[in-house]
Amino acid sequence: MTDATVLPGQPRGGVLSGPATARAVNVLAPNASPMTLDGTNTWIVSEPDSELAVVIDPGPLDDGHLRHVIDTAEKSGKRVALTLLTHGHPDHAEGAVRFAELTGTRVRALDPALRLGDEGLGHGDVVTVGGLELRVVPTPGHTADSLCFHLPADRAVLTGDTILGRGTTVVAHPDGRLGDYLDSLRRLRSLTVDDGVHTVLPGHGPVLEDAQGAVEYYLAHRAHRLAQVETAVENGHRTPSEVVAHVYTDVDHSLWPAAELSVRAQLDYLREHGLI
């Protein structure tokens, strides 16, 4: 077994579901897969002495999971007062409408198509519920509508799919763009340097105790992959599938279709910058 202290971001061991910080509790959805890792992390966030809670990413349309989220909140004396989405991928957002029906809550998201109610989410917004403060951090790149939520009281950031608890994420071309993603990672790095964020509460995988280390790893990984793709093209590997087969030899073949999305985003980036 590998020592967690040498892994990027210092992933926390143990059970994924349950309390992660003083204000955040994870309820793991039963949708494990190579793409979703152990499953989607549905976060219940609230002030310890408040009766109101915010749920971030209800997850897939699985009635058992959605009711389990509500039960978990209620057993700790909380009522779900608001639902937020980090982005619109089905493993995070498909259950949102049903969850809103069960809880009577609004759904706030960057994408108007995902909202239930008049309020969306955008740069500079601060969500306050029952004394809880969540600051909206736009982080496009994985998708155009990706958001993170800064939880200052816990020195934590909820990252959706922008940073995972294990491995790296996909830049989901054509909606996701590599230049945007790199800018988003730098924005998250600023949170770790300027705002003291040290904990990553990801959309999949374990909690990360070293937020800055995780961001630096992601930036280095992207730079390395980009250089590999550029070299592959120079060596005559022109199509995305050819580049994947040449560059992503360390990745399970079942994940190559997802890797091809990232390669398409990398090729676009290289063309835009006149590098190929």
Worksheet item: Should the pair Arg225 and Tyr248 be classed as cation-pi, given the thresholds of under 6.0 Å to the six-membered ring centre and 45° from the axis?
Response: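 Yes, a cation-pi geometry.
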Discussion item. One thing to verify: whether Arg177 and Glu272 come together as a salt bridge, which I'm taking to mean a side-chain N less than 4.0 angstrom from a carboxylate O.
Written reply: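 Arg177 and Glu272: salt-bridged.
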Discussion item. Any side-chain to backbone donor/acceptor pair from Thr42 onto Pro58? Under 3.5 Å, distance only.
Written reply: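 Yes; at least one donor-acceptor contact below 3.5 Å.
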Practice prompt. State whether a side-chain donor-acceptor pair under 3.5 Å links His87 with Asp161.
Written response: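 The answer is yes; a qualifying pair exists.
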Item to complete: Hey, could you give me each pair passing side-chain hydrogen bond (donor to acceptor under 3.5 Å, both in side chains) that has a residue in residues 109-131? Not counting sequence neighbours.
Response: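 Sorted result for residues 109-131: Arg106-Glu119.
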Discussion item. Quick check for you: to the nearest 0.5 Å, what is the distance between Arg67 atom CZ and Ile70 atom CD1?
Written reply: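 Those atoms lie 7.0 Å apart.
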Practice prompt. Starting at CG of Leu66, measure out to OG1 of Thr103 and round the result to the nearest 0.5 Å.
Written response: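 One gets 9.5 Å once the value is rounded to the nearest 0.5 Å.
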Worksheet item: How far does CZ of Arg135 sit from CZ of Phe149, to the nearest 0.5 angstrom?
Response: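 Reported value, rounded in 0.5 Å steps: 14.0 Å.
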Discussion item. Please determine whether side-chain hydrogen bond (donor to acceptor under 3.5 Å, both in side chains) holds for the pair Asn31 and Thr40, giving the CA-CA distance in whole Å, both sets of side-chain angles, and the decisive distance to 0.1 Å.
Written reply: CA-CA 7 Å; Asn31 62 332; Thr40 300; 3.0 Å; yes
Discussion item. How long is the straight-line distance from CG of Leu121 back to CG of Leu110, given to the nearest 0.5 Å?
Written reply: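 It comes to 7.5 Å.
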Discussion item. With a 6.0 Å cut-off (strictly less than), is the heavy-atom count around CD of Glu51, excluding the residue itself, greater than 12?
Written reply: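 No, the 6.0 Å shell around CD holds no more than 12 heavy atoms from other groups.
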Item to complete: Find out whether Glu216 and His221 are in side-chain contact, i.e. whether some heavy atom of one side chain is under 4.5 Å from a heavy atom of the other.
Response: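 Contact flag for Glu216/His221 side chains = no.
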Practice prompt. Report the residues that fulfil ring pair (Phe, Tyr, Trp, His ring centres under 6.0 Å) with His68, sequence neighbours left out, ordered by chain and then residue number.
Written response: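 So His68 forms no ring pair (Phe, Tyr, Trp, His ring centres under 6.0 Å) with any residue.
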Worksheet item: Heavy-atom distance under 4.5 Å between the side chains of Ser33 and Met35, does that happen here?
Response: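 Side-chain contact under 4.5 Å: yes.
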Worksheet item: Is it the case that His173 and Asp268 place a side-chain donor and acceptor less than 3.5 Å from each other?
Response: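 Side chains of His173 and Asp268: pair found under 3.5 Å.
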